[in-house]
Q: 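Got a structure for you, written out below as structure tokens; questions coming shortly.
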2 protein chains.
Amino acid sequence: METSHTKEDAIVESLRGSGFRVTRGRVALLHLLKKARKPLSIQDIVRTSRGKTMDQATIYRTLSDLANAGIVHRMDLNTGTAHFEYTPDRPHHHHLVCTDCGVIEDIEDCAIEKLEKNVARNSKQFTNIYSHNLEFFGHCKKCPAA
Amino acid sequence: METSHTKEDAIVESLRGSGFRVTRGRVALLHLLKKARKPLSIQDIVRTSRGKTMDQATIYRTLSDLANAGIVHRMDLNTGTAHFEYTPDRPHHHHLVCTDCGVIEDIEDCAIEKLEKNVARNSKQFTNIYSHNLEFFGHCKKCPAA
DNA sequence: TTCATTGCAAAACGTTTGCATGTAT
DNA sequence: ATACATGCAAACGTTTTGCAATGAA
């Protein structure tokens with residue numbers, strides 16, 4: 001008979017799968033990111049978990065490790081602080097950010113991979129392109145341009 | 001008979017055209033960026049012009065003003081410090097960065113504007129997209145992936 | 001003359017690191 | 001028991017700011 005596990009199963013597995021020890025702080029951090037289903041700024045995370053789960057230095061260290069392992073994705077949304085998203089249950093996608101209110105919309109079907117292949121094909125100095133940054137900026141309907 | 005001007009004419013005009021006073025430091029800074037024809041990191045600029053043209057605080061202030069006016073373009077190449085490019089004599093383009101040696105290749109014909117229009121058309125919350133960040137990362141031929 | 005611009009120094013900010021303690025394996 | 005993970009505090013590098021002096025118009 002199998003031991004019954006909780007909703008964090010996928011998180012625990014992703015940690016073990018990358019050779020990380022399963023600690024309360026890491027599970028809580030990943031759970032927070034997974035539940036959010038949108039990019040959280042480091043400051044969001046620090047604020048939410050201050051005193052509860054992890055020290056700020058540990059949050060930075062952990063997010064860095066998790067990003068290297070591909071369990072989270074780090075992105076720069078031009079806000080001055082890094083944002084992170086939980087990746088295991090989401091396909092690769094980009095974001096559209098309102099530079100007034102900060103609302104973020106996912107862009108699921110973006111043909112950037114084709115562009116990337118074209119870029120690699122046309123490049124003189126590069127053959128190996130392994131990643132890209134792509135974010136769009138605008139004003140959402142609630143924040144008409146000034 | 002017209003007064004003969006120097007090679008900085010375009011620079012002086014772009015400054016005047018945006019209501020800036022024409023100072024030696026600004027002309028030198030723009031000349032440096034124009035001549036480079038590639039993104040320079042702020043630290044490149046500080047190093048090059050230390051003691052000669054401008055104080056570091058003034059460089060930051062000036063680049064920020066020039067970016068707001070559209071005379072230079074600020075970009076984040078994931079190096080930890082902002083990069084700037086002189087824009088008046090170049091069409092909009094993106095970059096391909098070697099994450100080993102830092103070499104930067106321009107990408108001139110990138111179909112991103114079409115993507116941007118599509119993104120705007122498909123968005124629920126946004127109608128107005130006014131800019132995007134797009135940079136590609138890879139290894140150049142001199143820096144084979146480890 | 002007037003107001004934008006600059007230098008200098010200090011501060012603010014996000015992020016990283018050293019080290020002793022704690023904890024998952 | 002061992003190596004990895006964490007908290008705390010201090011350091012770090014980048015960027016911003018206050019203010020008095022300078023310089024372009």
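Proteins come first, then strands; the chains are lettered A, B, ... in the order of their sequence lines, and each starts at number 1. Quick caveat, the model's predicted, so the values are computed rather than measured.
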Q: Roughly, in whole Å, what's the span from CG in L15(B) to C1' in dA24(D)?
A: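 Between C1' of dA24(D) and CG of L15(B): 12 Å.
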Q: Does Y60(B) put a side-chain nitrogen or oxygen below 4.0 Å from OP1 or OP2 of dT15(D)?
A: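 The answer is yes; a side-chain N or O of Y60(B) sits under 4.0 Å from OP1 or OP2.
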Q: Using a cut-off of less than 4.0 Å, is there contact between a side-chain N or O of S64(B) and OP1 or OP2 of dT16(D)?
A: no
Q: Measure from the side-chain heavy atoms of A57(B) and tell me the nearest of dT15(C), dT17(D), dT6(C).
A: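 From the listed options, dT17(D) comes nearest.
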Q: Between R74(B) and G25(A), name the one whose nearest nucleotide on DNA chain D is closer to the 5' end.
A: G25(A)
Q: Taking 4.0 Å as the cut-off, does a side-chain nitrogen or oxygen of T81(A) come that near to OP1 or OP2 on dT15(C)?
A: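 Yes.
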Q: Between atom CG in D55(B) and atom P in dA10(C), what is the gap in whole Å?
A: 13 Å
Q: If you check the I42(A) side chain, which of dA5(D), dA25(D), dT15(C) turns out closest?
A: dT15(C)
Q: Nearest whole Å is fine: how far is dT14(D) P from F84(B) CZ?
A: 13 Å
Q: Regarding E108(A) and R90(A), does a basic nitrogen lie under 4.0 Å from an acidic carboxylate oxygen?
A: yes
Q: Would you mind telling me which of dT6(D), dG14(C), dT23(C) lies closest to the side-chain atoms of R21(A)?
A: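 That would be dT23(C).
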Q: Between Y86(A) and S14(A), which heavy-atom pair has the shortest distance, and what is it?
A: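 So the minimum-distance heavy-atom pair works out to OH-OG, 4.4 Å.
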Q: Of all the heavy-atom pairs spanning Y130(A) and E116(A), show the shortest one and how long it is.
A: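 So the two residues come closest at C-OE2, 4.5 Å.
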Q: Please state whether the phosphate of dT15(C), meaning OP1 or OP2, lies under 4.0 angstrom from any side-chain nitrogen or oxygen of R61(A).
A: no
Q: Expressed in angstrom and rounded to an integer, what is the separation of N68(B) atom CG from dT5(C) atom P?
A: 13 Å
Q: Measure from CD on Q56(B) to P on dA9(C) and round the result to the nearest Å.
A: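 Checked: the CD to P distance equals 13 Å.
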Q: Quickly work out the R24(B) CZ to dT22(D) P distance and round it to whole Å.
A: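 It works out to 14 Å between those atoms.
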Q: Could you state the atom-to-atom distance from CG of D44(A) to C1' of dG14(C) in whole Å?
A: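 To the nearest whole Å, that distance equals 14 Å.
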Q: Return the value, rounded to whole Å, for the distance between atom CZ of R26(B) and atom P of dG23(D).
A: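 The answer, rounded to whole Å, is 14 Å.
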Q: Does a nitrogen or oxygen in the side chain of R16(B) sit under 4.0 Å from OP1 or OP2 of dA25(D)?
A: yes
Q: Report the residue from I11(B), L66(B), D65(B) that forms a side-chain contact (heavy atoms from CB on, under 4.5 Å) with I71(B).
A: L66(B)
Q: For the aromatic rings, using the six-membered ring if either is Trp, is the centroid distance between H132(A) and H94(B) under 6.0 Å?
A: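 No, ring centres 6.0 Å or more apart.
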Q: Think T23(B) has a side-chain N or O under 4.0 angstrom from the OP1 or OP2 of dA24(D)?
A: no
